[in-house]
Amino acid sequence: MARLVMKFGGTSVADIDRIRNVARHVKREVDAGHEVAVVVSAMAGTTDRLVEWCRAAAPAHDTREYDAVVASGEQVSAGLLALALQTEGIAARSWHGWQLPIETSNAHASARILDINGAEIVERFKAREVAVITGFQGVVKETGRISTLGRGGSDTSAVAIAAAIQAERCDIYTDVDGVYTTDPRVVPRARRLDKIAFEEMLELASLGAKVLQVRSVELGMVHKVRIFVRSSFDRPEDIDPHRQPPGTLICDEEDIVEQQVVTGIAFSKDEAQISVRHVPDKPGVAAAIFGPLAEASINVDMIVQNVSADGATTDLTFTVPASDYQRSMDVLGKVKGTIGYAQLDGSTDVAKVSVIGIGMRSHAGIAAEAFKALAGRSINIRAITTSEIKFSVLIDAAYTELAVRTLHSLYGLDK
Ligand code: ADP
Ligand code: ASP
Ligand code: MG
């Protein structure tokens, strides 16, 4: 007997038929003798619609009320799944974040989990009751108000609950049967990985692969939760309980026997590029530019500063999330006088393509191969960043798919 967390994403609970299929997956594990806590997302499209309603009601909205609205999607799916389980003859009840509780920080719309009380659901395992928990939401410890964990946050709820109840495994059921070398919807030749190291998954997730929320991978790494990504679309009846199902295990680096140099490629079109032209080339200028952006809680990512040609002025280019583009331009517009630049340019038609692999630590020249291959396709690189196990290039958004496919073949990732 094992204790399991099973998480089902939005597409997996998109309608009543799919919720019934999910209920039969849960029943399969309960029948095998396991103790099960289920975490659900809102039905596909629901959260997007709720977010849109908030925007329509108030463009600059109070995030406490935004959370009150967007957390509701998960309440519907949790209740429906509990009903579907009861119909299958399984004892089940739904739990909202505040009922356990799942206590979070006060950062509405992107709250962090502080503490989870799993005592009651563990107690009820004795009576073979399944807990169906709303993903994505919690309650602010200080104020008692409903909070949400940021888009894709149900993954984080699931891993945090697995850690809290000391589950043997956290199974993430989604609309693909594992983590692939890149998004399989963009590159049909992408290969499923049997295993991927936490560090690599962390980079993939933070650089654009939305299969797992970044924070869920961080938590898994810290609390040593075994995370297994698999498909919810399989028919429960077809699964052989004695064989390992298709899927991807997120694990420690040491557990991967055959380490490739490059493991995967991520991309993100949610980027914007800003160039500050002809800024005085003197100490303190970078601080004058990035200070006000930091104060406005804008995350600056890639930074390129040209060597000044005339010894007097230089250009500084950097990226911010596309959603912060206008705000960044406004912030920099206001401090034009103190910085003393000549011109501010920007574009949201850019994309960041990133190549990830632990093997890069011990192999030189991996990035150089990419630059050559991209040049061969006439793809211009606007900015580059590198770190120990990844490098990223900023390119025109129109070339994203071509660049990803080119690099995917280059590093021998095609199936
Ligand atoms: P869920 O609703 O189950 O949480 P998401 O839509 O959040 O599902 O995440 C699954 C999606 O992530 C897949 O449909 C796929 O298009 C996308 N994805 C991006 N990169 C990858 C990758 N490297 N491997 C697998 N899926 C990926
Ligand atoms: N329903 C939330 C969202 O769409 C959380 C999740 O799906 O993980 O972002
Ligand atoms: Mg998701």
Side-chain angles (χ1 to χ4, degrees), residues 6-14 18 22 25 39-52 54 66-67 69-78 97 109-111 133-138 147-161 170-196 200-217 227 229-233 246-248 250 262-270 353-357 400-401 404 407-408 413 415:
M6 304 172 76
K7 181 260 170 176
F8 295 90
T11 5
S12 310
V13 294
R18 292 214 177 136
V22 165
H25 271 294
V39 174
V40 284
S41 293
M43 297 164 86
T46 301
T47 311
D48 285 343
R49 194 169 59 240
L50 296 169
V51 169
E52 202 37 58
C54 290
Y66 165 94
D67 277 353
V69 175
V70 300
S72 66
E74 271 68 13
Q75 296 172 197
V76 174
S77 49
S110 58
I133 305 161
T134 50
F136 183 51
Q137 51 150 285
S147 54
T148 64
L149 310 177
R151 298 304 306 269
S154 296
D155 299 324
T156 301
S157 310
V159 175
I161 289 163
C170 180
D171 288 335
I172 304 281
Y173 288 80
T174 182
D175 56 5
V176 280
D177 61 359
V179 178
Y180 280 67
T181 45
T182 191
D183 191 338
R185 295 188 199 288
V186 173
V187 181
R189 286 190 187 155
R191 257 187 302 122
R192 191 182 65 231
L193 299 160
D194 289 334
K195 289 179 175 181
I196 182 169
E200 291 172 323
M201 191 64 232
L202 204 55
E203 295 286 4
L204 263 185
S206 60
L207 295 165
K210 71 166 183 170
V211 61
L212 287 176
Q213 200 197 32
V214 183
R215 189 78 189 114
S216 71
V217 187
I227 303 173
V229 180
R230 57 183 292 184
S231 171
S232 70
F233 293 159
T248 304
I250 325 292
V262 169
T263 304
I265 299 178
F267 55 91
S268 159
K269 292 182 183 173
D270 296 328
V353 176
S354 308
V355 175
I356 295 134
T400 314
E401 281 78 13
V404 173
L407 299 179
H408 198 267
L413 299 175
K415 73 177 163 206

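Counting convention: from 1, in listed order, for ligands and their atoms alike.
Regarding atom 7 (O) of ligand 2, its nearest protein heavy-atom neighbour is S41 OG, 3.1 Å. Nearest protein heavy-atom neighbour of atom 8 (O) of ligand 1: T174 OG1, 3.1 Å. Of all protein heavy atoms, the one closest to atom 11 (C) of ligand 1 is D175 OD1, 3.9 Å. From the protein, the heavy atom lying nearest to atom 27 (C) of ligand 1 is V211 CB, 3.7 Å. Of the protein's non-hydrogen atoms, the one nearest atom 15 (C) of ligand 1 is D183 OD1, 3.4 Å. The nearest protein atom to atom 3 (C) of ligand 2, hydrogens excluded, is given as R151 NE, 3.3 Å; this is a heavy-atom distance. Looking only at protein heavy atoms, the nearest one to atom 2 (O) of ligand 1 is G10 N, 3.1 Å.
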Please test L212 against V229 for side-chain contact (heavy atoms from CB on, under 4.5 Å), starting from the C-alpha separation and ending with a verdict.
CA-CA 9 Å; L212 287 176; V229 180; 4.2 Å; yes
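A salt bridge links D175 and R185; the closest N-O separation between the charged side-chain nitrogens and carboxylate oxygens is under 4.0 Å.
Contact between T47 and A42 at its shortest, heavy atoms only, is OG1-CB, 3.5 Å. Taking every heavy atom of both residues into account, S41 and S77 meet most closely at O-OG, 2.7 Å. A pairwise comparison of heavy atoms in S12 and F233 identifies CA-CE2, 4.3 Å as the closest pair.
In K210, the parts holding a heavy atom less than 4.0 Å from any atom of ligand 1 are both the side chain and the backbone. Only the side chain of P184 comes within 4.0 Å of ligand 1, judged by heavy-atom distances. The backbone of T182, and not its side chain, has at least one atom closer than 4.0 Å to an atom of ligand 1 (non-hydrogen atoms only; backbone = N, CA, C, O). Contact annotation for V176 and ligand 1: only side-chain heavy atoms (C-beta onward) come within less than 4.0 Å of the ligand.
Polar contact with ligand 1: absent for S12 (N/O pair, distance under 3.5 Å). For a threshold of 3.5 Å applied to N or O pairs, the pair formed by Y180 and ligand 1 contains at least one separation below that value. Ligand 1 has no N or O atom lying under 3.5 Å from any N or O atom of T181, backbone or side chain. Below 3.5 Å of separation, one finds an N or O of S154 facing an N or O of ligand 2.
Assignment of K7 to the shell around ligand 1 is supported, since a heavy atom sits closer than 4.0 Å. Using a 4.0 angstrom heavy-atom cutoff, G10 does not count as in contact with ligand 2. Under a 4.0 angstrom heavy-atom cut-off, G178 registers as being in contact with ligand 1. For the ligand labelled ligand 1, residue L204 lies outside the 4.0 Å heavy-atom shell. Ligand 2 lies less than 4.0 angstrom from a heavy atom belonging to E74.
The distance from the CE atom of M201 to the OG atom of S206 is 9.0 Å, given to the nearest 0.5 Å. I250 CD1 to E200 CD: the interatomic distance, rounded to the nearest 0.5 Å, is 10.0 Å. Distance check: Q137 CD to S157 OG gives 8.0 Å after rounding to the nearest 0.5 Å.
When side chains are defined from C-beta on, E74 does not count as touching T148, because their heavy atoms never get closer than 4.5 Å.
Set against the non-hydrogen atoms of G152, the atoms of ligand 2 under 4.0 Å away are 3 (C), 5 (C), 6 (C), 8 (O), 9 (O). Proximity to A209 (heavy-atom distance under 4.0 Å) selects the following atoms of ligand 1: 19 (C), 20 (N).
Side chain to side chain, R230 and Y173 meet the donor-acceptor criterion of an N or O pair below 3.5 Å. S232 and H25 form no side-chain donor-acceptor contact under 3.5 Å, judged by distance and modelled atom types alone. When only modelled atom types and interatomic distance are considered, D155 and S216 share no side-chain donor-acceptor pair under 3.5 Å. Between D67 and S147, the side chains place no donor N or O within less than 3.5 Å of an acceptor N or O (distance only, hydrogens not considered).
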